[in-house]
> 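Below: one structure in structure tokens.
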2 protein chains.
Amino acid sequence: MATIKDIARVAGVSLATVSRVINNGPKVGDETRARIKEIMKEMGYRPNANARALVNQNSTSIGVVIADLSDPFFATLAHGVEKVARQQNIQVLMSSGSIEAETEFKAIETLLEHRCKAMVVHSKALDDQTLIDFASQVPGFILINRYIEAIADKCVWVDNVTGGRLMAEHLVSLGHKKLVMVASKHQIDDPLARLDGIRQYLKQNNIELAENAIEYSTPDQEGGEIAMQNLLAKGIEFTAVLAYNDAMASGAMSMLQDHNLRVPEDISIIGYDDVLLARYCRPKLTTIKYPIELMATRAAELALSFNAQNAETKASTTYKYTPTLIKRDSVSKL
Amino acid sequence: MATIKDIARVAGVSLATVSRVINNGPKVGDETRARIKEIMKEMGYRPNANARALVNQNSTSIGVVIADLSDPFFATLAHGVEKVARQQNIQVLMSSGSIEAETEFKAIETLLEHRCKAMVVHSKALDDQTLIDFASQVPGFILINRYIEAIADKCVWVDNVTGGRLMAEHLVSLGHKKLVMVASKHQIDDPLARLDGIRQYLKQNNIELAENAIEYSTPDQEGGEIAMQNLLAKGIEFTAVLAYNDAMASGAMSMLQDHNLRVPEDISIIGYDDVLLARYCRPKLTTIKYPIELMATRAAELALSFNAQNAETKASTTYKYTPTLIKRDSVSKL
DNA sequence: TTGTACGCGTTATCAA
DNA sequence: TTGATAACGCGTACAA
């Protein structure tokens, strides 16, 4: 592959001149510039991004750390980042971390080796301090979907407690009092916060959500099916279901329908996230919108803004997003 | 950030020695090695991937070019690549191309600037020759979901004609004769090939699929809804629907149900791809499995295998995959 | 076993 | 307007 040196030799000029042409620098004779450009085209010259990054100390790439690309939620997140990266002519370095401390750590580490100055990381397994340390090493380190006090100005997160409250509120406002929940068995903050919001609201309204009315399982469709099956097996009476997320809701819904229970006529159900399938499934899922793409976009812009000299230091702002209720067809008035 | 030079200075040894330690090279005294490792840890040393790539002429990364990460199909593809990359400790560079010639071209070009020696590209807009040219420049250039004779040994593709035939065959074998299709309006090979397979089979069995029984729209859920709406509006009689893909099938199904037509009791419908939603939607979609993750995995392995010296040149083999029928609940016997 | 010195492709500084 | 030349961080013959 032709290098700047080859071009210079063929053109009979120095490296410096070619470099100026490449970077549209000033102080180059018009005809020289034209001739060099011509030669570059002919020889199929392509600047070497690695060499550039080396000398410039700034990489033209943004790193993304997520758990699993095959999960629609993360795919959407990645897509948001990718979108703004493309606009700014920036490369995306993708690392999956699978919600295990070790892999998450390694994913960030690898990005660091590539001298990423900007990264959007979704980490659940790493502890606060580790993340704070990383943040201090990377100018454009942005944490998405997590809040850490000490680096609040680098966190783009969603208020899951409010989200949980919203779910409960909607069901209760329609007269539902006998509730069950298909919950995530992961002991991380998202499930905890949502459940917290739900409980807060119910308590205020004197409605009970007994511990045995909650079934914990994996946060996917299968988990939803299993959890619902268990709930049904226990013979608990209920008119509405709170699901940890849309996938579980969908699974639970299938299971209900398999037992000849109609949604929403017999049983109402509400999801969380508003991923694609919420609109695909039948009936369309009433759910809580988690504005993840918007957040990812914001996170990427934020991360990249630190690359620019103007090291935007509005430590004052915090990037908290609030989920909203999306009414569709899976919940009905009692 | 500490460099190899800093380590050498602190340790009181030469650069070469440190370099040897880093690369687990031989010929280093045990205690020297231990001491240097200690210092590296203390100083938080991290090798500079850019510098390495520069001197080694081989980047430790694999490029991926796809249309749109938010599309489950592409997300799954990307996931497949990412999986094998992680196993081999390789970074993934992601570029979206949005099925436009210019962006696809630019995406590949950018990857080239990063000196990617391996890449998995999904391109529909670029012409054969351009792709062939790229393939000759990149040792590990693998085309996924497309077949070009001249670089057959670099193509990992699926036999969409057989896929199309499978769809038609399944419906016909259950007695369906009045068929309609919700098709993709994109004039690229996938839709064409599938339609081709369908037509071949129907012709052999003397069943007609009139041009006005086909509605073309965007290959997503909304497109499926619109296409079905048009079909319904035209008052065409039919007992079964062929959909370009699962998303369109899902949209069409919604529209049918909105018109009080039951699936599969009144109308049967068959999709294509077998993405997640095929199992999520209700009734579960009978569809054609497009083994995209498997293919992506294979493509990535292939691409990466060229990085190794043993430039595996089995130009004989071609990587053709055959789709299979997945029976679920959206098709019934007439 | 350890060190010296050069090169990888670019950019940037300073002269000319 | 152009050209030498020194970095950037690392790997590696070759020498010691």
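Letters A, B, ... are given to chains in the order of the sequence lines, protein chains preceding strands, and every chain is numbered from 1.
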> Ignoring the backbone of B:Ala16, work out which of C:dC8, D:dA13, C:dT11 is nearest its side chain.
D:dA13
> Using a heavy-atom cut-off of 4.0 Å across all strands, would you classify A:Arg46 as base, sugar-phosphate, or nothing?
sugar-phosphate
> Please give, in whole Å, the distance from C:dT10 C1' to B:Gln57 CD?
14 Å
> Nearest whole Å is fine: how far is C:dA15 P from A:Leu15 CG?
19 Å
> When you measure from the side-chain N and O atoms of B:Thr3 to the phosphate of D:dG9, is any distance below 4.0 Å, counting only OP1 and OP2?
no
> Tell me: CD1 of B:Ile4 to P of D:dC10, nearest whole Å?
5 Å
> Considering residues, nucleotides and ligands other than B:Glu102, do more than 12 of their heavy atoms fall under 6.0 Å from its CD?
no
> Is there a side-chain contact between B:Arg52 and the phosphate of D:dG11, meaning an N or O under 4.0 Å from OP1 or OP2?
yes
> Are B:Ser19 and D:dC10 close enough that a side-chain N or O sits under 4.0 Å from OP1 or OP2?
no
> At their closest point, which heavy atom of B:Ala150 faces which heavy atom of B:Ile132, and how far apart are they?
CB-CD1, 3.7 Å
> Nearest nucleotide by nearest heavy atom, which residue falls closer to the 5' end of DNA chain D, B:Asn23 or A:Ala51?
A:Ala51
> D:dA4 C1' sits how many Å from A:Lys5 NZ, rounded?
13 Å
> Any side-chain N or O of B:Thr32 under 4.0 Å from OP1/OP2 of C:dT2?
yes
> Quick one: are the ring centres of A:Tyr147 and A:Tyr319 less than 6.0 Å apart?
no
> Taking only N and O in the side chain of A:Thr17, is any of them less than 4.0 Å away from OP1 or OP2 of D:dG3?
yes
> Rounding to an integer number of Å, can you tell me how far B:Tyr45 OH sits from D:dC10 P?
3 Å
> Measure the distance from CG on A:Asn50 to C1' on D:dG11 and round it to the nearest whole Å.
15 Å
> Between A:Ser19 (side chain) and A:Leu15 (backbone), is there a donor-acceptor pair under 3.5 Å?
no
> Under 4.0 angstrom, heavy atoms only, what part of the nucleic acid is B:Val28 near: base, sugar-phosphate, or nothing?
sugar-phosphate
> Are A:Tyr321 and A:Tyr290, when compared by the centres of their aromatic rings, separated by less than 6.0 Å?
no
> Round to a whole Å and report the spacing from CD1 of A:Ile36 to P of D:dG3.
8 Å
> Measure the distance from CZ on B:Arg20 to C1' on D:dA13 and round it to the nearest whole Å.
10 Å
> Looking at D:dA4, C:dT4, D:dG9, which one has an atom nearest to any side-chain atom of B:Ser14?
C:dT4
> On DNA chain C, nearest-nucleotide positions of B:Asn56 versus B:Arg33: which is more 5'?
B:Arg33
